[in-house]
**Student:** 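Attaching a single structure in structure tokens format; questions to follow.
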Amino acid sequence: MAVDNTLPVAVIGAGPVGLAAAAHLLERGIEPLILEAGPAPAAAIEQWRHIRLFSPWQYNTDAAAVRLLAATGWEAPDPSALPTGGELIDQYLTPLASLPAISSRLHTGARVVAVTRLGMDKTHSRNRDTTPFVVRVEHADGEVRDHLAAAVIDASGTWSTRNPLGTSGLPALGETATADHISSTLPDVLGRDREAFAGRTAVVIGAGHSAANTLLNLSELAAQVPGTKIVWAIRGASAAKVYGGGDSDGLAARGQLGSWLRALVDSGAVELYTGFGIAGLAADGAVTLTSTDGRTLEADVVVPATGFRPNLDLLRELRLELDHGVEAPRELGPLIDPEFHSCGTVEPHGAKMLAHPEQDFYIVGMKSYGRAPTFLLATGYEQVRSVAAALAGDREAADTVQLELPETGVCSSDIGSSWDVPAPANAGFVAETSGGCCGTPEPVLVGFPTGLAHGRSGEN
Ligand SMILES: Cc1cc2nc3c(=O)[nH]c(=O)nc-3n(C[C@H](O)[C@H](O)[C@H](O)COP(=O)(O)OP(=O)(O)OC[C@H]3O[C@@H](n4cnc5c(N)ncnc54)[C@H](O)[C@@H]3O)c2cc1C
């Protein structure tokens, strides 16, 4: 059944997936209400605009969004080129959000703080499915307003909720109090954040590509500015996982990144501390990090490359069904659980697999992957195509995945973030093969109903 079309469908977040959701809703004749916390669309990507994506343009734009743009004479970028985050914003997301059809429905500086049902909390079941949603929004002028919606699509990403530095999922002791010494996850050390790092000691925490990328950029800064010191602390006993397979790595850029990093560590340009789980931080001018086995490190600034988790606080009054570990929708969780899928297996999925007991509520995009780091934009675009079809009552379109999608996603050795690998123009998606990680980089055409029964890896 289609949603009540007297009310809009609230879309939380104007990142690439939220904007794509709006484009698909518009095509279906459904009114979107797009609520973006940042001062402009794509506020999360704006934070990592200096990072180059390693999926080419071909996979980074949504079909419905492109149809809207094409009608205005927009020219698509070279499909095989790899944009930076900034280029994705400037050449695609800003033009898309500026189209009158989108901009007239987009509210920036509008942070969603809660979603519930009108006049009922989570415990009420009677008429729940037909009762409008209430979306509570903190607007930039400080005013808090409630908006009614027929359905809610949460595309708010995970960027604003990084994992803490502590080893048990909690902030390390003193982490909150030393926040002034902790940078963003992917600081632009050669650009806008240069001053915080030049001639100072930085300690990078994490064993993923976010960490590797920042370490490489810091080494370039160290070559330019004497006195810049680079320390790298990881929990594991060895950095081999981050170094990857070198020349034999299925993803050329990743292999190269790992080899560069190994050379920096071998030469002493980067000081590596292994087995350094962080127990506490204290600041007195500099910041001192204490490991769980009592060692200490001193630095001016800490770079937390420890990955992300979804913010579920705003969904407290909704009936969610999430995988207990990954915090993705329950059926999706086992398919992407990094403990079982070394390459971030991606099976095509849509509204059915993303559904919750709360009818007409969906989590899509990066946030739909919960704590798993291997989300693809292409996957998100297919999610919202299917969700818009479901909300329009077109069950057949909702249940059929029609997208040319990388069969299994992108290999990842990183449970922090696996995205920020600077890649050459020929790098593409890497499929997981039965023999292990990283087979031929070849997207495949898939087209079969979603909502199939899946278990954890190896137990269907
Ligand atoms: C460094 C990096 C590189 C990546 N590279 C690739 C790549 O090469 N290829 C690929 O396919 N994927 C890549 N990804 C993964 C993923 O595609 C991106 O994270 C992408 O930005 C996810 O899009 P999204 O719309 O789901 O979320 P986001 O881009 O995070 O957008 C969410 C939006 O919601 C807003 N928001 C947050 N909370 C609220 C709230 N409470 N109320 C209102 N608005 C809110 C945010 O301000 C933001 O604008 C990369 C990710 C990172 C971090």
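In each ligand, atom 1 is the first atom listed, and ligand 1 is the first ligand listed.
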**Student:** Look at Arg28 together with Asp394 and state whether they make a salt bridge at an N to O cut-off of under 4.0 Å.
**Tutor:** yes

**Student:** Taking only heavy atoms of Leu53 into account, list the atoms of ligand 1 that are under 4.0 Å away from them.
**Tutor:** 5 (N), 6 (C), 7 (C), 8 (O), 9 (N)

**Student:** Can we say Glu31 and Arg105 salt-bridge, meaning some charged N sits less than 4.0 Å from an Asp/Glu carboxylate O?
**Tutor:** yes

**Student:** Mind checking whether Thr158 has an N or O less than 3.5 Å away from an N or O of ligand 1?
**Tutor:** no

**Student:** Enumerate the atoms of ligand 1 whose separation from the nearest heavy atom of Gly365 is less than 4.0 angstrom.
**Tutor:** 26 (O)

**Student:** Output the list of atoms in ligand 1 that are nearer than 4.0 Å to some heavy atom of Ala37, sorted by atom number.
**Tutor:** 39 (C), 42 (N), 43 (C), 44 (N), 45 (C)

**Student:** Please confirm whether Ala155 comes under 4.0 Å of ligand 1, counting heavy atoms of the residue only.
**Tutor:** yes

**Student:** Can a salt bridge be assigned to the pair Asp90 and Arg49 using a cut-off of 4.0 Å between side-chain N and carboxylate O?
**Tutor:** yes

**Student:** Can you list the ligand 1 atoms lying under 4.0 Å from a non-hydrogen atom of Arg111?
**Tutor:** 41 (N), 42 (N)

**Student:** I'd like to know if Ala110 contacts ligand 1, where contact means a heavy-atom distance under 4.0 Å to any ligand atom.
**Tutor:** yes

**Student:** Just distances here: any N/O of Asn60 and N/O of ligand 1 closer than 3.5 Å?
**Tutor:** no

**Student:** Is it the side chain, the backbone, both or neither of Trp48 that has a heavy atom closer than 4.0 Å to ligand 1?
**Tutor:** side chain

**Student:** Testing Arg117, Glu358, Lys122 for side chain to side chain contact (heavy atoms under 4.5 Å, CB included) with Glu317, which one passes?
**Tutor:** Lys122

**Student:** State plainly whether the residues Glu46 and Arg192 are in salt-bridge range, i.e. N to O under 4.0 Å.
**Tutor:** yes

**Student:** Against heavy atoms of Gly157, which atoms of ligand 1 measure under 4.0 Å?
**Tutor:** 27 (O), 30 (O), 32 (C)

**Student:** Look at the aromatic rings of His139 and His147 and report parallel, tilted or perpendicular, splitting at 30° and 60°.
**Tutor:** tilted

**Student:** Show the numbers, then the answer: is there a salt bridge (charged side-chain N to carboxylate O under 4.0 Å, His left out) between Glu27 and Arg67?
**Tutor:** CA-CA 10 Å; Glu27 277 196 344; Arg67 283 191 287 273; 2.6 Å; yes

**Student:** Verify whether one side chain among Asn60 and Ser55 offers a donor that lies under 3.5 Å from an acceptor in the other.
**Tutor:** yes

**Student:** Pairing donors with acceptors under 3.5 angstrom, does anything connect the side chains of His50 and Asn217?
**Tutor:** no

**Student:** Give the numbers and elements of all ligand 1 atoms closer than 4.0 Å to a heavy atom of Leu376.
**Tutor:** 11 (O)

**Student:** Any heavy atom of Pro16 closer to ligand 1 than 4.0 angstrom?
**Tutor:** yes

**Student:** Judged on heavy-atom distance to atom 21 (O) of ligand 1, which of Ile45, Leu93, Thr379, Val11 sits nearest?
**Tutor:** Ile45

**Student:** In ligand 1, which numbered atoms sit nearer than 4.0 Å to a non-hydrogen atom of Leu186?
**Tutor:** 1 (C)

**Student:** When you compare ligand 1 with Leu377, is there at least one nitrogen or oxygen pair between them that comes in under 3.5 angstrom?
**Tutor:** yes

**Student:** Between Asp323 and Arg330, is the closest basic N to carboxylate O distance under 4.0 Å?
**Tutor:** no

**Student:** Just which atoms of ligand 1 are under 4.0 Å from any heavy atom in Phe375?
**Tutor:** 12 (N), 15 (C), 16 (C), 17 (O)

**Student:** Out of Ser156, Ala42, Ala44, Pro41, who gets a non-hydrogen atom closest to atom 36 (N) of ligand 1?
**Tutor:** Ser156

**Student:** If you measure only the distance, is there a donor-acceptor pair under 3.5 Å linking the side chains of His107 and Glu36?
**Tutor:** no

